[in-house]
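Throughout, numbering of the chain's residues begins at 1 and tracks the sequence.
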Amino acid sequence: MGAYILRRLLLVIPTLLGIMIINFTLVQFVPGGPIEQIIAQMEGSGDVFETISGGGSETVESGDTSYAGAQGLPQEFLDELQVEFNFARVVCEDGFTGEPSLRAEGCAAVPVPTLERFFMMMWDYMRFDFGDSYFRSVGVLELVAEKLPVSITLGLWSTLIAYLVSIPLGIRKAVRDGSSFDTWTSAAIIVGYAIPGFLFAILLIVLFASNNCFQIPWLAERFPELRNFNPTCHRIFPLRGLTSSNFEDLSAMGKALDYLHHIVLPVLALTIGAFATLTLLTKNSFLEEIKKHYVITAKAKGVSERRVLYGHVFRNAMLIVISGFPALFIGVFFGGSLIIETLFSLDGLGRLGFEATLARDYPVMFGTLFTFSLLGLVVGIITDLTYVLIDPRIDFERRD
């Protein structure tokens with residue numbers, strides 16, 4: 001087992017390197033860059049794509065100073081941006097003894113080769129030095145830590161609810177395969193899977209969090225902590241944020257209720273599509289195990305159905321379900337909540353990554369990509385190790 005874990009940990013390095021190379025290469029072909037974003041904002045265009053597509057401007061990559069001629073901006077200003085964003089370095093003539101500076105005589109900005117920039121970035125990332133955001137003047141790790149509570153809330157609650165509902169439901173469907181219960185529950189979860197999460201979120205907002213919300217006067221009277229006054233009615237659920245503005249003034253019970261009150265709609269909207277895949281996967285896995293000879297033998301010996309199901313079948317059938325946990329958890333935790341966060345005004349990692357991509361904020365883009373990829377690979381290793389805990393027959397030792 002130790003040798004297997006060591007091999008897997010060593011494979012993390014080339015895998016991470018491959019992920020970063022592919023994404024770094026793709027970014028080089030995308031028009032615009034952080035410098036072009038700043039130029040567009042200074043000229044009032046608001047977005048780099050408008051600047052690139054209009055007014056006869058020339059499309060360039062970051063590090064190309066030919067863009068300055070088309071816009072009439074000072075070359076010195078662009079050179080300083082190039083150096084600040086590590087697209088160029090200051091090189092001085094021989095004999096210069098002071099600190100390199102563009103303002104010093106005989107010094108100029110020389111573009112850094114793309115390959116060199118990549119290896120410099122990876123060297124920093126291997127030391128977990130992700131630098132500072134180009135546009136927020138804050139460190140990438142600090143920025144991620146600031147947005148993390150929202151993603152933790154959505155990811156953990158959605159994954160927990162999906163597993164707590166889907167696994168018992170899938171087992172029940174396997175036991176009653178072909179019954180009316182199996183038929184109508186399959187229809188219900190397939191309909192839920194077919195409804196896009198953002199559309200379901202909009203429906204929840206219209207019904208429970210808008211000005212047209214249902215009239216339930218007793219709700220505010222019975223639970224003062226959840227009171228959210230509205231000119232026309234008492235909203236059943238709040239529309240934005242994880243907590244209320246007076247969260248710090250509430251009691252411990254009030255804080256818990258306030259937190260749960262805020263996350264009901266976004267978590268429900270994010271979880272609705274996860275039930276179908278996990279439920280049907282659980283059902284099919286249990287059906288396959290139930291038909292095997294050891295189950296038939298156990299039943300023939302008089303072992304109760306409950307003991308056969310949970311004492312013998314459960315461990316073997318749960319292997320395939322557990323194998324899908326990393327993908328579900330990482331997907332919901334990091335990337336699956338962008339639209340939900342936007343609709344419910346939640347400032348999490350999904351919106352952070354999206355906004356960083358639009359703004360070409362490379363430190364945030366690649367720093368979060370590196371961190372999340374590393375975490376996903378580690379979670380995959382942990383998942384493999386849980387196989388041994390569930391089924392002792394499995395091991396990863398090499399056989400001659």
Side-chain angles (χ1 to χ4, degrees), residues 1-5 8 152 154-194 260 263-264 267-268 270-333 376 378-399:
M1 181 64 69
Y4 171 79
I5 295 175
R8 288 293 302 272
I152 289 177
L154 295 180
L156 290 183
W157 281 108
S158 298
T159 305
L160 180 63
I161 292 175
Y163 270 80
L164 288 178
V165 174
S166 297
I167 291 177
L169 180 59
I171 296 174
R172 186 67 173 172
K173 287 171 64 62
V175 173
R176 302 182 59 179
D177 182 42
S179 65
S180 58
F181 172 82
D182 180 38
T183 302
W184 71 260
T185 52
S186 295
I189 62 175
I190 290 175
V191 170
Y193 181 75
L260 294 175
I263 68 172
V264 168
V267 168
L268 185 60
L270 193 61
T271 310
I272 190 67
F275 290 130
T277 303
L278 193 56
T279 300
L280 296 180
L281 181 65
T282 304
K283 175 192 172 182
N284 294 334
S285 180
F286 271 80
L287 274 178
E288 182 180 354
E289 291 295 324
I290 288 174
K291 296 177 181 179
K292 291 185 176 179
H293 292 296
Y294 74 90
V295 176
I296 298 175
T297 302
K299 289 181 178 179
K301 290 182 177 180
V303 181
S304 65
E305 182 178 353
R306 183 178 183 85
R307 184 176 178 183
V308 169
L309 190 61
Y310 292 100
H312 297 77
V313 176
F314 188 82
R315 277 191 169 187
N316 298 331
M318 285 301 294
L319 287 176
I320 190 172
V321 177
I322 289 179
S323 67
F325 176 80
L328 177 63
F329 178 77
I330 296 298
V332 173
F333 192 76
V378 172
V379 170
I381 297 175
I382 295 175
T383 300
D384 288 347
L385 297 180
T386 57
Y387 289 161
V388 180
L389 298 178
I390 296 176
D391 191 345
R393 297 173 302 174
I394 297 177
D395 65 55
F396 299 102
E397 297 297 333
R398 177 177 295 177
R399 297 289 186 262

With a 3.5 Å cut-off and no angle check, do the side chains of Arg306 and Tyr310 form a donor-acceptor pair?
->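 No, Tyr310 and Arg306 have no side-chain donor paired with an acceptor closer than 3.5 Å.
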Using only heavy-atom distances, determine whether the side chains of Ser186 and Lys173 contain a donor-acceptor pair under 3.5 Å.
->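 Present: a donor and an acceptor within the cut-off.
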If every non-hydrogen atom of Lys283 is compared with every non-hydrogen atom of Ala174, which pair is closest and at what distance?
->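 It is O-CB, 3.7 Å.
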For Ala162 and Leu278 the tightest heavy-atom approach is O-CD2, 3.6 Å
Applying the side-chain contact (heavy atoms from CB on, under 4.5 Å) test to Lys299, which of Ile296, Val295, Thr297, Val303 qualifies?
-> Val295
Of Leu160, Leu154, Ile272, the residue whose pairing with Val267 passes side-chain contact (heavy atoms from CB on, under 4.5 Å) |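 Of the listed residues Leu160, Leu154, Ile272, the side-chain contact (heavy atoms from CB on, under 4.5 Å) partner of Val267 is Leu154.
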Phe275/Val165 under side-chain contact (heavy atoms from CB on, under 4.5 Å): CA gap, chis, key distance, verdict = CA-CA 8 Å; Phe275 290 130; Val165 174; 3.6 Å; yes
Does [X] reach the side chain of [Y], with side-chain heavy atoms less than 4.5 Å apart?
| X | Y | answer |
| --- | --- | --- |
| Ile167 | Phe286 | no |
| Leu169 | Ile189 | yes |
| Trp157 | Leu260 | yes |

Derivation and outcome, side-chain contact (heavy atoms from CB on, under 4.5 Å), residues Val308 and Tyr294 = CA-CA 10 Å; Val308 169; Tyr294 74 90; over 6 Å; no
Within a radius of less than 6.0 Å around CZ of Arg172, do more than 12 heavy atoms belonging to other residues, nucleotides or ligands occur?
->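 No, not enclosed.
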[atom1]-[atom2] distance between [X] and [Y], expressed to the nearest 0.5 angstrom:
| X | Y | atom1 | atom2 | answer |
| --- | --- | --- | --- | --- |
| Glu289 | His312 | CD | NE2 | 12.0 Å |
| Lys292 | Leu287 | NZ | CG | 12.5 Å |
| Thr282 | Ile171 | OG1 | CD1 | 7.0 Å |
| Thr271 | Leu164 | OG1 | CG | 11.0 Å |

Any sub-3.5 Å donor-acceptor pair from [X]'s side-chain atoms to [Y]'s backbone N or O?
| X | Y | answer |
| --- | --- | --- |
| Thr185 | Asp182 | yes |
| Ser285 | Ala317 | yes |
| Ser179 | Arg176 | yes |

Any residue meeting ring pair (Phe, Tyr, Trp, His ring centres under 6.0 Å) with Phe181, in chain and number order, not counting sequence neighbours =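 Result, ring pair (Phe, Tyr, Trp, His ring centres under 6.0 Å) vs Phe181: Trp184.
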